[in-house]
Amino acid sequence: MQKLTRENFDKARNFIITNGDEISCAWFNYHFVDNNVDVFMNVLAKYQHDCGGFGGLGYEFEYQGPCLKCTEIAIGYILGLNEKPSANHSVIQKMMVYILDQYIPEIGNWGEPFVPELNDYPHCSWSNYRGSTPPTMEDDEEKIKKYEANEKVCHAAFVALYSEIVPQALYSEIIKYPTQHILRYWDENSPEFNREIRDKAYPYDFEYALWFVQCLKDNAFADKLKAILSQNPTAAWELNFAKSNSDYVHLPCDFGVTSPDSFLYPVVKDLVDDSLTVRMNQQADDGHWPWGWSFGESDEMQRLQLKSNVIRAIDMLVKLKRFDRIES
């Protein structure tokens, strides 16, 4: 199995250290220097606002205030820790307050990941506040059928991970909608299976659902959902890997299977291993991994692109480490 050479690892490390901000360097240090959860959480706390939400963690916009998108990124960091912080940790406590405050019972979900103020700052065209108001849904059946996981079920994942600090009735309500949506509309063996709904979920809803199921504490129930997500995972990904050289596509190793511990890895092992080799060989001479397209030519867009390149480089190194694909 091909591995990243030490020379190319050093290139990536130097690129990250030279161009990274405090949180990026802290994430690199956690995985490759000290593995110290407390040190990393102390840095993450600097990006948390008084309301409990996070700002300044996104790479597609310069707005620094709190929003659900940056809070999602904070959740991703926490899920990526080898040892999760206690539910009593002040960051976790404040974060849960914010997440529950943003929950919209009338739709059984969260709303837009961005806030109106974001539009006043440089941002990518696909990361902007759209001003959409979620329509109130009449009953639970509608909330279940129309559930949107993309950029939202990650907050339900956090609720599941730290369920002990959530009121039981509210926890049950929040978890019900995504679990029932998957059980009833994604399962090919369900009488309510809807191929159009399921196929529309690929790749984004599907990949976010992978976050969710790993956080459920009821193992038997989680296994039911994992079996459903294992039915047709390749529909979420581009299997012509050559397209990733110049286009934005999701390969199996990108956002789906990012660790050999994933329940999906045995199902798609060869595809994941091969796509990881493809991604590894796309490394640029300066150590980063290109996205395959440009955010834009303006100075503002180039700043955002550089930040994204740093985050992508760290994510690649972490992924390669997990799969033992870096030379000793």
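In what follows, every heavy atom counts, from backbone to side chain, and hydrogens, waters and symmetry copies are set aside.
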Report yes or no: do L225 and Y204 belong to one cluster of Ile/Leu/Val/Met/Phe/Trp/Tyr joined by side chain heavy-atom distances under 4.5 Å?
-> no
About how many Å separate OG of S24 and CD1 of I16, when rounded to the nearest 0.5 Å?
-> 8.0 Å
Compare every heavy atom of M95 with every heavy atom of T71, then report the nearest pair and how far apart it is.
-> O-CE, 3.8 Å
Between A156 and I174, what is the shortest heavy-atom contact and its length?
-> CB-CG2, 4.0 Å
Does the S190 side chain pair with the main chain of D187, one donor and one acceptor, at a distance under 3.5 Å?
-> no
Taking atom types as modelled, find out whether Y63 and N119 have a side-chain donor-acceptor pair closer than 3.5 angstrom.
-> no
Salt bridge or not for R198 and E188, using N-O below 4.0 Å?
-> yes
Considering only heavy atoms from C-beta outward, does the side chain of S262 approach that of L210 to under 4.5 Å?
-> no
K269/D273 salt bridge by N-O under 4.0 Å criterion = yes
Lys/Arg-Asp/Glu bridge criterion (N-O < 4.0 Å) met for R184, E141 = yes
N309 and N19 side chains, donor-acceptor separation under 3.5 Å | no
When the aromatic ring centroids of Y98 and H49 are compared, is their separation below 6.0 Å?
-> no
Counting N and O atoms only, with roles assigned by atom type, does the side chain of D205 sit under 3.5 Å from a partner on the main chain of N150, one being a donor and the other an acceptor?
-> yes
Please test N109 against E148 for side-chain hydrogen bond (donor to acceptor under 3.5 Å, both in side chains), starting from the C-alpha separation and ending with a verdict.
-> CA-CA 8 Å; N109 208 340; E148 295 181 2; 5.9 Å; no
Mind checking the CG-CD spacing from L44 to E22? Nearest 0.5 Å is all I need.
-> 10.5 Å
Only one of F54, F40, Y47 forms a ring-ring contact (aromatic ring centres under 6.0 Å, His included) with Y77, so which one is it?
-> F40
Distance in Å, E83 CD paired with N35 CG, rounded so as to fall on 0.5 Å steps = 8.5 Å
Between E173 and Y103, do the side chains contain an N or O donor and an N or O acceptor separated by less than 3.5 Å?
-> yes
Is a side-chain donor or acceptor of S163 paired with a backbone partner of V159 at a separation under 3.5 angstrom?
-> no
So, E72 and K69, do they make that salt bridge, N to O below 4.0 Å?
-> yes
Does the side-chain hydrogen bond (donor to acceptor under 3.5 Å, both in side chains) test come out yes or no for N232 and Y202, once each step is laid out?
-> CA-CA 10 Å; N232 191 29; Y202 292 111; 4.6 Å; no
Classify the ring geometry between Y162 and F158 as parallel (under 30°), tilted (30 to 60°) or perpendicular (over 60°).
-> tilted
State whether the number of non-hydrogen atoms from other residues, nucleotides or ligands found under 6.0 Å of E164 atom CD is greater than 12.
-> yes
Of the non-hydrogen atoms in N128 and E112, which two are nearest, and what is the gap between them?
-> O-OE1, 4.0 Å
Group every Ile, Leu, Val, Met, Phe, Trp and Tyr by side-chain heavy-atom contacts under 4.5 Å, then state whether F255 and M316 land in the same group.
-> no
Would you please say whether a donor-acceptor pair under 3.5 Å links the side chains of Q168 and S172?
-> yes
Give the ring-plane orientation class for W291 versus Y248, where under 30° counts as parallel, over 60° as perpendicular and anything between as tilted.
-> tilted
Is the backbone N or O of Y121 less than 3.5 Å from a side-chain atom of H123, with the two atoms forming a donor-acceptor pair by type?
-> yes
Euclidean distance, K84 NZ relative to L81 CG, rounded to 0.5 Å | 6.5 Å
Any sub-3.5 Å donor-acceptor pair from K226's side-chain atoms to V213's backbone N or O?
-> no
Do you know which two heavy atoms are closest between Y129 and V115, and how far apart they sit?
-> CB-O, 3.4 Å
CZ/F221: more than 12 non-hydrogen atoms of other groups inside 6.0 Å = yes
Might you work through the side-chain hydrogen bond (donor to acceptor under 3.5 Å, both in side chains) test for H155 and Q102, ending with a clear yes or no?
-> CA-CA 10 Å; H155 305 298; Q102 296 294 312; over 6 Å; no
Salt-bridged, D10 to R13, with N to O below 4.0 Å?
-> yes
Return the orientation label for the F206 and W237 ring planes: parallel under 30°, perpendicular over 60°, tilted otherwise.
-> perpendicular
Does one side chain, of N281 or Q2, offer a donor that lies under 3.5 Å from an acceptor on the other?
-> yes
May I ask you to check whether over 12 heavy atoms, not counting those of K3, lie within 6.0 Å of atom NZ?
-> yes
Residue K94 excluded, over 12 heavy atoms near NZ under 6.0 Å | yes
Verify the distance criterion only: is there a donor paired with an acceptor across the side chains of T277 and R325 at less than 3.5 Å?
-> yes
Under 30°, 30 to 60°, or over 60°: which ring-plane class applies to F323 and Y265, parallel, tilted or perpendicular?
-> perpendicular
State plainly whether one hydrophobic cluster holds both W289 and F15, where clusters connect Ile, Leu, Val, Met, Phe, Trp and Tyr through side-chain heavy atoms under 4.5 angstrom apart.
-> yes
Specify whether F295 and W126 have parallel, tilted or perpendicular ring planes, treating 30° as the upper limit for parallel and 60° as the lower limit for perpendicular.
-> perpendicular
In one Ile/Leu/Val/Met/Phe/Trp/Tyr side-chain cluster, 4.5 Å: I311, W211 = no
Taking atom CD of E60 as the centre, report whether more than 12 heavy atoms of other residues, nucleotides or ligands fall under 6.0 Å from it.
-> yes
Would you say D247's side chain and K243's backbone share a donor-acceptor pair under 3.5 angstrom?
-> no
Does the pair L68 and E151 meet the rule for a side-chain contact (heavy atoms from CB on, under 4.5 Å), with working shown?
-> CA-CA 9 Å; L68 283 170; E151 295 182 300; over 6 Å; no
Should D286 and K11 count as an ion pair when the cut-off is N to O under 4.0 Å?
-> no
Are F193 and Y147 co-members of a hydrophobic cluster defined by side-chain heavy atoms under 4.5 Å apart?
-> no
Spacing of CD belonging to Q283 relative to CG belonging to L320, to within rounding of 0.5 Å = 9.0 Å
May I ask you to check whether E238 and S244 show a side-chain donor-acceptor distance below 3.5 Å?
-> no
Heavy atoms of Y30 and G80 approach each other most closely as CE2-O, 4.4 Å
Give the intermediate values and the outcome of ring pair (Phe, Tyr, Trp, His ring centres under 6.0 Å) for residues F114 and F61.
-> CA-CA 10 Å; F114 308 110; F61 49 90; 5.8 Å; yes
Contact summary for P252 and L239, nearest pair of heavy atoms | CG-CD2, 4.2 Å
Counting only heavy atoms not in D120, do more than 12 sit closer than 6.0 Å to its CG atom?
-> yes
Residues, nucleotides or ligands: over 12 heavy atoms within 6.0 Å of D139 CG | yes
